[in-house]
2 protein chains.
Amino acid sequence: MIKKEKSITELNASISRVDEICRSNNLGFTDIRRQVFEIIIKNNKPIKAYEILDEIRNITNKPSHPPTVYRAIDFLIENGFVHKLNSINSFVGCFHPKTHEECYFLICKKCNLYQECCDDSLKDRISKTAVHNKFVISNTTLEIEGHCLDCSQK
Amino acid sequence: MIKKEKSITELNASISRVDEICRSNNLGFTDIRRQVFEIIIKNNKPIKAYEILDEIRNITNKPSHPPTVYRAIDFLIENGFVHKLNSINSFVGCFHPKTHEECYFLICKKCNLYQECCDDSLKDRISKTAVHNKFVISNTTLEIEGHCLDCSQK
DNA sequence: TAATATATGTTATGTTATAACATTGCAAAT
DNA sequence: ATTTGCAATGTTATAACATAACATATATTA
C-alpha cells in the first residue's frame, strides 16, 4: 500500500531494468542520468529539481547547474523512467517503465509518499470520456491528493 | 463541443451567478476579484497569471503587482469560480461553480481551447480507485491533453 | 583525422509564485 | 465621534521553478 518503502532489492531491480532498456534501445544511460534516476527513486517521495541538484552537488563536489538536472530529467521522462507530478512540481520514479503510457498517482499530503495507480478501468474510463468528446489524447495528468490510510487514521 | 466560444450572454450569466453566490455567502466580490474573474472567463482559453496582470495594468493604467493577481486567483479558486490547470500553469473559469467539487479538463494543445468534463462515471471511477487504495481524496487534478475534433482533422 | 552527433558545462535570464510589511477603508464597539 | 479590529490591497523584494544560448568535451563513424 502507499506507505511501503522500496527495498534495496527493488531499487536495484529498477535500475537494472532501466539499464537494460537503455542498452537495448541504444539510449545513453550516462553517469548524470543514472545519478539523477537513482536520486529520484531512492528518495521514495516526490523530489524537486533543485533538491536533486543539491544532492548532485553533494555527491560530486563539483559545481552543477540547473540545466544539467533538467536535461537528465527530460531524458528520463521522455523514456518513461520518471514522471512529473504537475500539481507539486516534483518528480517520481516509475517502477514499471514501458509497460504503460499513462501513469496515475495517489499522493499523500501528510507523509508525502505516493503510489502509482494505473488500473485499466481508470484508463478505460478516461479513454471513454475522451472518445465521447471526440478528443484524441496525447497525455494525461491524473494526480489524486489526499491522505493515505496511515495518515488519515492519525 | 470543445471549440465552442462562450457567448456574451453566457459570460454575463456566469458573472451574475458568481455575484449572487458571493452575496449570499457574504464573500466580498471586490473590484479586483471581479476584474480578474472577467478577464479569465472572457479569455476563453487558459490564461496565465502574468497575462492577467498585463491586462489589469492595461485596464487600470496603474502599477499592479503579482500578489494582487495571485490573491484574487486564490479567492476565486477557493470558492470554485476558477480552476488552475497544473499541467500548463494556467487558469480557467468554471461555468458551473458549486455544483461539483472536482473538475476535470480536456485541453487542446493546438487551439488551446479547453472543456470541462466532469461526468459522474469518471468521478465514480476515481473515487473507487481511491477507496481500493484506502485513500481519502482531498483534491484531484485530471487534465487530459491532446487534440480536439477540429484540430485533429486538420 | 576530420566531420558529425550527442552530451555536458556555464552564464545568464525568463517564468511562476510568495513572504513580509505598509496602507487603506470600512464596520462594529466604546 | 473615536477607536479598534479586520479584510483587502499596495508595495518591495525575493524565492522557486525552468530554459535559452553558446562553449566545450566526448564518442562515433566516414
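Order of the sequence lines sets the chain letters (A, B, ...), proteins ahead of strands, with each chain counted from 1.
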Remember a base hit wins even if backbone is also touched, and classify B:R33 as base, sugar-phosphate or nothing at under 4.0 Å, heavy atoms.
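The residue B:R33 makes sugar-phosphate contact but no base contact.
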
In chain order, what residues pass the side chain to side chain contact (heavy atoms under 4.5 Å, CB included) check against [X], with sequence neighbours excluded?
| X | result |
| --- | --- |
| A:D124 | A:K128 |
| B:N61 | none |
| A:T60 | A:Q35, A:I56, A:K62, A:S64 |
| A:K110 | A:C108, A:H147, A:C151 |

Closer than 3.5 angstrom, by distance alone: can the side chain of B:S90 be matched with the main-chain N or O of B:I88 as a donor-acceptor pair?
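Answer holds: yes.
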
Return a single string for nucleotides 24-30 of chain D, one symbol per nucleotide in 5' to 3' order, where B is base contact, S is sugar-phosphate-only contact and - is none, cutoff 4.0 angstrom on heavy atoms.
-------

Under 4.0 Å: is that the gap between some side-chain N or O of A:N89 and OP1 or OP2 of D:dA16?
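Result: no.
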
ring-ring contact (aromatic ring centres under 6.0 Å, His included): which pairs involve residues 46-71 of chain A, sequence neighbours left out?
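Output for this query is empty, none listed.
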
Partner residues of B:T9 under the side-chain hydrogen bond (donor to acceptor under 3.5 Å, both in side chains) criterion, sequence neighbours left out
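Not a single residue meets the side-chain hydrogen bond (donor to acceptor under 3.5 Å, both in side chains) criterion with B:T9.
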
Of all residues at least two apart in sequence or in a different chain, which pass the side-chain hydrogen bond (donor to acceptor under 3.5 Å, both in side chains) check with A:T140?
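Scan of A:T140 (side-chain hydrogen bond (donor to acceptor under 3.5 Å, both in side chains), adjacent residues dropped) gives none.
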
Only pairs at least two apart or in different chains count here, so list each salt bridge (charged side-chain N to carboxylate O under 4.0 Å, His left out) that has a residue in residues 33-58 of chain B.
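Listed by first then second residue: B:D19-B:R34, B:E38-B:K42.
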
Distance-only donor-acceptor pairs under 3.5 Å for side chains of residues 75-86 of chain A, two or more places apart:
residue	atom	partner	partner atom	Å
A:N79	ND2	A:F75	O	2.8
A:N86	ND2	A:T141	OG1	3.2

Axis bend over the full length of the helix from C:dT1-D:dA30 to C:dT30-D:dA1, computed from five pairs that close each end, to 10 degrees:
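Here the helix ends are tilted 10° relative to one another.
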
Proximity to DNA chain C (any heavy atom under 4.0 Å), residues of residues 46-65 of chain B only
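Within residues 46-65 of chain B, the residues near DNA chain C are B:K48, B:Y50.
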
Assign each of B:P67 and B:I88 to its nearest nucleotide of DNA chain C by heavy atoms, then name whichever residue's nucleotide is nearer the 5' end.
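Counting from the 5' end, the first nearest nucleotide belongs to B:I88.
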
